[in-house]
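Right, one structure below, let's go through it.
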Amino acid sequence: MRVRLRLGTLLMALGLLPALLSGCASLARHHEAMLVLGDLSAGSEESRLKRRTEAPRREGVEYVRRGRAYRADVYHPLEPRRGSLILVHGFTEQGRRDPRLVALARTLGRVGFRVMVPELDGLRDYSISTREVQAIVDAVHYATRTGSQAPSHTALAAVSFAVGPTLIAAMDQEVASAVSFVVAVGGYYDMTDLLRYVTTGEDRGGSAREAPPPQREARWAVLMSQLHWLEDAQDRALLESIARRRLTDPESSVRDEARRLGPSGSALYELVTNEDPGRIEALIDKLPPALVKELEALDPSRQPLDRLHARLVLIHGPQDRVIPISHSRRLRDALPQGQARLFETQALQHVAVSPDWRDGWGLWRALVHVLALGEDKGEDE
């Protein structure tokens, strides 16, 4: 607690001068960002933000668009002053009701965002595909065009592997003009280089900067996310068994299961167990055509980025061991100057906030910027 208080005092002192120079609204925003940071660090425990504000009211909604049925939670703030924000969850079997996601939605609701959290089946059962892109497009349409009080714009926020589908949805011509800004936390830019890093540890997009070694679990999460593209039911069952066993015990022998795989299952298994960076492209080419097509469709580096109208807020930890920070740096550099801002912070352990607020300065600056964009200010902070 003392560490948190000391860092909190330091951040307030450092932020006070520019806030005073830019006016009372900016000063209040800087203070709110401190409260948000404290609440994120506190999790379900008590915080200053919880004591000072009312929790948003959660409403479960169902909606249908062009025959596609969805469920979502909408968090209504007591004082809606920062517009609408769609929060896209990452891989979690609990979906929109994951306690961490609920806590984040409530925190954002406490500072005036109307937060919508759609249920995304592919991110819930590890079967991510372009279906999630369509679901996010439909969520934007619902949030901005349903009801007499619907806002004309909404923001999007996503973490980790959900960043790719979210960015691609934000570029969809049907809703691009309705997305005001996108917050991407620990996201990827180049799918091929992501697979290269996760499986071999080489961060080809990182130039001379050396990335930390990848987490062992990441390759098995990637494997599970693509099983649904295999036509052979036995291959799917065998690979799911392999992935779950290795997630539980990284040293577990899976040789017997691997020997029973068919051609498509073997190709996918060979990709995720490969340790040679130079073989990645060739191994991807050996995958089933439907899977290759989906990987390309979910790759932001292959998309026409000039279709992105929204401002982009990138938040990434330099020591991320799931997705290297080079992906956020490359995405920022691929967009016109000023459209994207990257906040690098040691306070993130991939997408989780460090409990000791280590390097909270970078995350605090990112929060100040997001709060300003929510007010449609967008000033540099």
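Quick caveat: nothing in here was measured; it's all calculated off a predicted structure.
Distance CG/L291 to CD1/I284: 9.0 Å, rounded to 0.5 Å.
For A155, the side-chain contact (heavy atoms from CB on, under 4.5 Å) partners two or more places apart in sequence, or in a different chain, are L85, S180, F181. H89 pairs by the side chain to side chain donor-acceptor pair (under 3.5 Å) definition with nothing, not counting sequence neighbours. Taking E240 as the reference, R244 meet the side chain to side chain donor-acceptor pair (under 3.5 Å) condition, with sequence neighbours excluded. Applying the ring pair (Phe, Tyr, Trp, His ring centres under 6.0 Å) test to F91 and every residue at least two apart in sequence or in another chain returns Y126, F161. D276 meets the side chain to side chain donor-acceptor pair (under 3.5 Å) test with no other residue; sequence neighbours excluded.
Under the salt bridge (charged side-chain N to carboxylate O under 4.0 Å, His left out) criterion, the residue pairs touching residues 172-190 are R65-E174, R66-E174, D190-R330, with sequence neighbours excluded.
Salt bridge annotation for E32-R81: present, with a cationic side-chain nitrogen under 4.0 angstrom from a carboxylate oxygen. Here R196 pairs with E281 in a salt bridge; the nearest charged N to carboxylate O distance falls below 4.0 Å. A salt bridge does not link R97 to E119: none of the charged nitrogens lies less than 4.0 Å from a carboxylate oxygen. Ion pairing between a basic and an acidic side chain is recognised when a charged N comes within 4.0 Å of a carboxylate O; R246 and E217 show no such pairing. Between E344 and R329, at least one side-chain N (NZ, or NE/NH1/NH2) sits under 4.0 Å from a carboxylate O, which counts as a salt bridge.
Ring geometry, Y142 versus Y63: the interplanar angle falls under 30°, so the pair is classed parallel (tilted spans 30 to 60°).
Nearest heavy atom pair, residue Q234 against residue D232, reads N-OD1, 2.8 Å.
Counting only N and O atoms by type, the side chains of R131 and S127 include a donor and acceptor under 3.5 Å apart. Looking at Q134 and D138, their side chains do bring a donor and an acceptor atom within 3.5 Å of each other.
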